[in-house]
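Taking it in order: structure first as structure tokens, then the write-up.
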There are 2 protein chains.
Amino acid sequence: MVNKFRDIYDTLKNEINEGLYNDTMVLPTEMALIERFGTSRNTVRRAIQLLNEDGLVYSVKGRGVVILERIEIDKKSFKVGNFQGLKALSADTEVEKKTIVQEFHELTVDDSLAKKISFPVGERVYLVKRLRLIDGKAMMSDTSYFKKSIVKGLNEKIIAGSIYDHIKQNLDFKIAASKSIMKVESAKDSDFKELALGKNNCVGILENAVYNDMGKLFEYTTIRYIPNEYALISFDQN
Amino acid sequence: MVNKFRDIYDTLKNEINEGLYNDTMVLPTEMALIERFGTSRNTVRRAIQLLNEDGLVYSVKGRGVVILERIEIDKKSFKVGNFQGLKALSADTEVEKKTIVQEFHELTVDDSLAKKISFPVGERVYLVKRLRLIDGKAMMSDTSYFKKSIVKGLNEKIIAGSIYDHIKQNLDFKIAASKSIMKVESAKDSDFKELALGKNNCVGILENAVYNDMGKLFEYTTIRYIPNEYALISFDQN
DNA sequence: GAGTGGTCTAGACCACGGT
DNA sequence: CCGTGGTCTAGACCACTCC
């Protein structure tokens, strides 16, 4: 057990998914949960808050914690922010995936690049361009910029494997947070050449800015992917 | 003042945006904020949590609350979940917008529709199909299903105005939460006819499932929009 | 070792829903 | 009116960062 509130959250989540509360569609009251788990009110409330953030329940003052109806996308898709590099997608599926490194070199950020990726002018960066194939089909192309001052010592071997494994094992900083932007744009010449677009002439774009725990941006990645294959979901309250 | 923690959050957010902490890029410690605002630790921590959720700061145990570097998309775009009906987009811009109601009638959910929109078979619903024009250009088309048992008494006049105003003013339930799914797909014949796609042959799709405070789905809307005009952003931690 | 944020407790009062 | 969740307080102990 790491955290009490995490434990209570896991327990309740399982019980909801198993349909334990399907008769009332309401969770037990906070008082009942306090007694059951032998804990304080704040701790129970934190667990319930996590369920809220998951989109599983909705708390109503004076009534109780209502369980939300299930919808189809809960199972088929994955959350925004788990859409990193395509790991989340192929994790539990039986597909052959392959990554081709198309470009890898250093450069200095100039004016126009600075506007695109929010890195300061003059910053020394690695550029990594990779193509992702699934079952031989070119599904997406990633262009990543890494700050050399933070992500030290990249080389061809690391690039071909997992850059994030390298960060975790060899570097002394933590990945803290990321911001994503999603767009649909007309395909460029390079997209037609590289991606299995078929008759489509547009691409989905997912831009990802990643922070370390000093609050510094260290990666900016743009993913261009083909239509009809991917979905992103999100949940919002109030 | 509604909430103390909300107040502290607003204050700190403004100070961050004004660059008050640009020298250290760290927020004052919790103890300092407790003294400054004359409040308890929990309340200060709730305010900081909101800043975390906004993607403005990141808390590090043992070091402090680090202010995240700014990136371009912070200003240009709007958050996922505010992408409702296009209100958020045109709110602060000087554009001529127009809505055309293309379809409005009742129907009963059958097997195939149930799979698409997660409503139970046999449920009686309103179908509303609308086209959104901005400066005379057909930017998006919305297809909405509303449960008649919850969203009562829709008519042509309400549809032409704002359905959500009708809900707020005349109906006795609250909008609680929503789930969204974002995709890119090949355009259909109807898209070519209705939308200002130009040479593009794909559309962005945003599906939205909306809940009331009883945990019941009452709306399922599919928005099909043209490329190159819209962006959605999200923020994730850990 | 000093100082920071993370977890947890035990209690109080308030606002809202349903009866 | 009672029971619910929402806000807030005051205090304790722990885990981590940095010097």
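Note that the structure is predicted; figures quoted are calculated from it, not measured. Below, chain A is the first sequence line, B the second, and so on; all start at residue 1.
Of the possible polar contacts, one joining the A:N155 side chain to the A:I158 backbone as a donor-acceptor pair under 3.5 Å is found.
Contacts between residues 32-43 of chain A and DNA chain C, defined by a heavy-atom separation below 4.0 Å, involve A:T39, A:S40, A:R41, A:N42, A:T43, listed by number.
For the atom pair CG of A:L12 and CZ of A:F37, the computed distance is 5.0 Å after rounding to the nearest 0.5 Å. A:Y145 contributes atom OH, which lies 5.0 Å from atom CG of A:L113 (distance to the nearest 0.5 angstrom).
When heavy atoms are screened at a 4.0 angstrom cut-off, B:R45 is found touching base atoms of the nucleic acid.
With DNA chain C read from its 5' end, the first of the two nearest nucleotides for A:G62 and B:G64 is the one closest to B:G64. With DNA chain D read from its 5' end, the first of the two nearest nucleotides for A:L27 and A:D213 is the one closest to A:L27. Residues B:F5 and A:V65 each lie close to DNA chain D; by heavy-atom proximity, the contact nearer the 5' end of the strand is made by A:V65.
Nucleotide C:dG5 holds its P atom 18 Å from the CG atom of A:N3, rounded to whole Å. Separating the CD atom of B:Q49 from the P atom of C:dG5 is a distance of 15 Å, rounded to the nearest angstrom. What separates NZ of A:K61 from C1' of C:dA15 is a distance of 4 Å, to the nearest Å.
First and last contacting nucleotides of DNA chain D toward chain A (any atom under 4.0 angstrom from a heavy atom, 5' to 3' order): D:dG3 to D:dT17.
For B:K147 and B:F119, the positive end sits near the middle of the six-membered ring, less than 6.0 Å away and at most 45° from its axis.
Looking at the side chain of A:R63, the nearest of the listed nucleotides C:dG17, C:dC16, C:dG5 is C:dG17.
Side-chain contact of B:Y21 with B:E15: a donor-acceptor pair under 3.5 Å is present, judged by distance alone.
Electrostatic pairing of B:D54 and B:K13 counts as a salt bridge here, judged by a charged N lying under 4.0 Å from a carboxylate O. With respect to B:K183 and B:E207, a salt bridge is recorded, a charged nitrogen being found less than 4.0 Å from a carboxylate O. By the 4.0 Å N-to-carboxylate-O rule, B:R41 lies too far from B:E35 to be salt-bridged with it.
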